[in-house]
Amino acid sequence: MRLTLLAVFALLSSTTGCLFRTRTVETRLSTAKLETATQQELIDRLSQEAGKIKSLNATVDIDTSVGGEKRGKVTDFKEIRGYILVEKPNMLRMIGLYPIVHNKAFDVVSDGEHFKLLVSATNKFYIGHNQVIEGSDNPLDTLRPQAIYDALLLQAIDPEKEIAVLENSSETFLDVLDVIGKHDGGWRLARKVVFDRTNLVPHRQIVFDDNGNPVTDASYQFYQEYDGVQFPSFIDIKRPQEEYDIRLIIVKLAINQPIKDDQFALQQPPGFTLINLDERNRNASNKGTPAPTNPAQPSDPQH
């Protein structure tokens, strides 16, 4: 079994008890005066807001759930306290604490390409690439820290690689920017950024894969001012294909405060077992490959 960050949340819940509850979706109504913005104004606003944030240092409550229409139910796991460090262009560290005792339960670091994950309950230290594991039947195998990073920091429109067009929304209080990016010589829908017209801040971001399927659906609520920057105090990160959900509730947040390089350093502790996910996945693939019926003969070293 391949263990990833969300699997750690499930492990924590199994060792500390879990909560089961039914949630309803509220109908969104607003009587506030709606603002208007042109396509270019929304593009400029997104770029300006993205440019204001260089780093984040947050204390958060982390709430997770697994399930949906495919499974016919949703299981919510117990909320845990956590800490998140983010620094552009691609660094992220996330620490989760056990409920009540508040000892470190997991610690994960990502540089945008690779990640390291420490799991205290099993004394294991995982390393591997950030890419999602393809072809897994387990929804817990697909989460990587990059999905959290991308949800926390919305990216500006890159004029060299992207174009953005305004979509006509059926909902009068929303404006939608479709961001279309270059892909293998062509163009494809990369993401949708939904703005709330009551205040013209991003309300939602949907990220699509190369085939046009939504892979991450993040929503943003309850904006507050932190260090002079408007930032949501509630972030809901859904992965619709795998049917899991991570909710981050901001308890404390510092924006653009200095972060030292060693704050992203994570070393394998003594007594922890190292598990290289890339190597394990490669070995598993090789085991499933049949040996050739007529293996090639070794070459003559004289030729």
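The distance from atom OH of Tyr98 to atom CG of Asn103, rounded to the nearest 0.5 Å, is 8.0 Å. A distance of 6.0 Å separates CD1 of Ile237 from CD1 of Ile246, quoted to the nearest 0.5 Å. Here the CG-CG distance, from Asp236 to Leu248, works out to 8.5 Å after rounding to the nearest 0.5 Å. Here CG of Asp217 is found 11.5 Å from NZ of Lys192. Values are rounded to the nearest 0.5 Å. Rounding to the nearest 0.5 angstrom, the gap separating the CG atom in Asp178 from the CG atom in Leu166 is 8.5 Å.
Inter-residue side-chain proximity for Leu153 and Val86 is flagged as met; some heavy-atom pair is nearer than 4.5 Å. Side-chain contact between Trp187 and Lys182: present, with at least one pair of heavy atoms (C-beta onward) separated by less than 4.5 Å. Side-chain contact between Tyr223 and Gln230 is present, with heavy atoms from C-beta onward closer than 4.5 Å. At a threshold of 4.5 Å between non-hydrogen side-chain atoms, the residues His203 and Phe195 do not count as touching. Residues Val108 and Phe115 meet the side-chain proximity criterion, which asks for heavy atoms closer than 4.5 Å. Val60 places none of its side-chain heavy atoms less than 4.5 Å from the side chain of Ile249. In this structure the side chain of Asn57 never reaches within 4.5 angstrom of the side chain of Tyr83, judged on heavy atoms. No side-chain heavy atom of Leu274 sits under 4.5 Å from any side-chain heavy atom of Tyr126.
Classified by interplanar angle (parallel below 30°, tilted 30° to 60°, perpendicular above 60°), the ring pair Phe231/Tyr226 is perpendicular.
In this structure, Val251 stands alone, with no Ile, Leu, Val, Met, Phe, Trp or Tyr side-chain heavy atom under 4.5 Å from its own, directly or through other members.
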Can you list the steps and then say if Thr216 with Arg239 is a side chain to side chain donor-acceptor pair (under 3.5 Å)? CA-CA 5 Å; Thr216 300; Arg239 296 281 291 183; 2.8 Å; yes
Test log, rule side chain to side chain contact (heavy atoms under 4.5 Å, CB included), inputs Gln39 and Val165: CA-CA 7 Å; Gln39 173 179 302; Val165 295; 4.2 Å; yes
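When atom types are taken as modelled, the side chain of Gln48 and the backbone of Arg45 share no donor-acceptor pair closer than 3.5 angstrom. Between the side chain of Asp262 and the backbone N or O of Ala265 there is no donor-acceptor pair closer than 3.5 Å. Side chain of Arg93 to main chain of Gln263: a donor-acceptor pair is present (N/O by atom type, distance under 3.5 Å, no hydrogens or angles). Asn256 places a side-chain N or O within 3.5 Å of a backbone atom of Lys54 that can act as its donor or acceptor partner.
Partners of Lys104 by side-chain hydrogen bond (donor to acceptor under 3.5 Å, both in side chains), not counting sequence neighbours, listed by chain and number: Asp107.
Nearest approach of Leu200 to Glu35, heavy atoms of both residues: CD1-OE1, 3.5 Å. The two residues Pro202 and Val193 make their nearest non-hydrogen contact at CB-CG1, 4.3 Å. What you find for Arg191 and Ile157 is that their closest heavy atoms are NH2-CD1, 4.0 Å. Nearest heavy-atom pair, Leu154 versus Ala50, reported as atom, atom and distance to 0.1 Å: O-CB, 3.3 Å.
Considering Thr59, Ile95, Ile62 in turn, Thr59 is the only one that fulfils the side chain to side chain contact (heavy atoms under 4.5 Å, CB included) rule with Arg81.
Applying the side chain to side chain donor-acceptor pair (under 3.5 Å) definition to pairs two or more places apart or across chains, those involving residues 146-161 are Gln146-Asp150.
Counting heavy-atom neighbours within 6.0 Å of Asn213 CG, excluding the residue itself, gives a total above 12.
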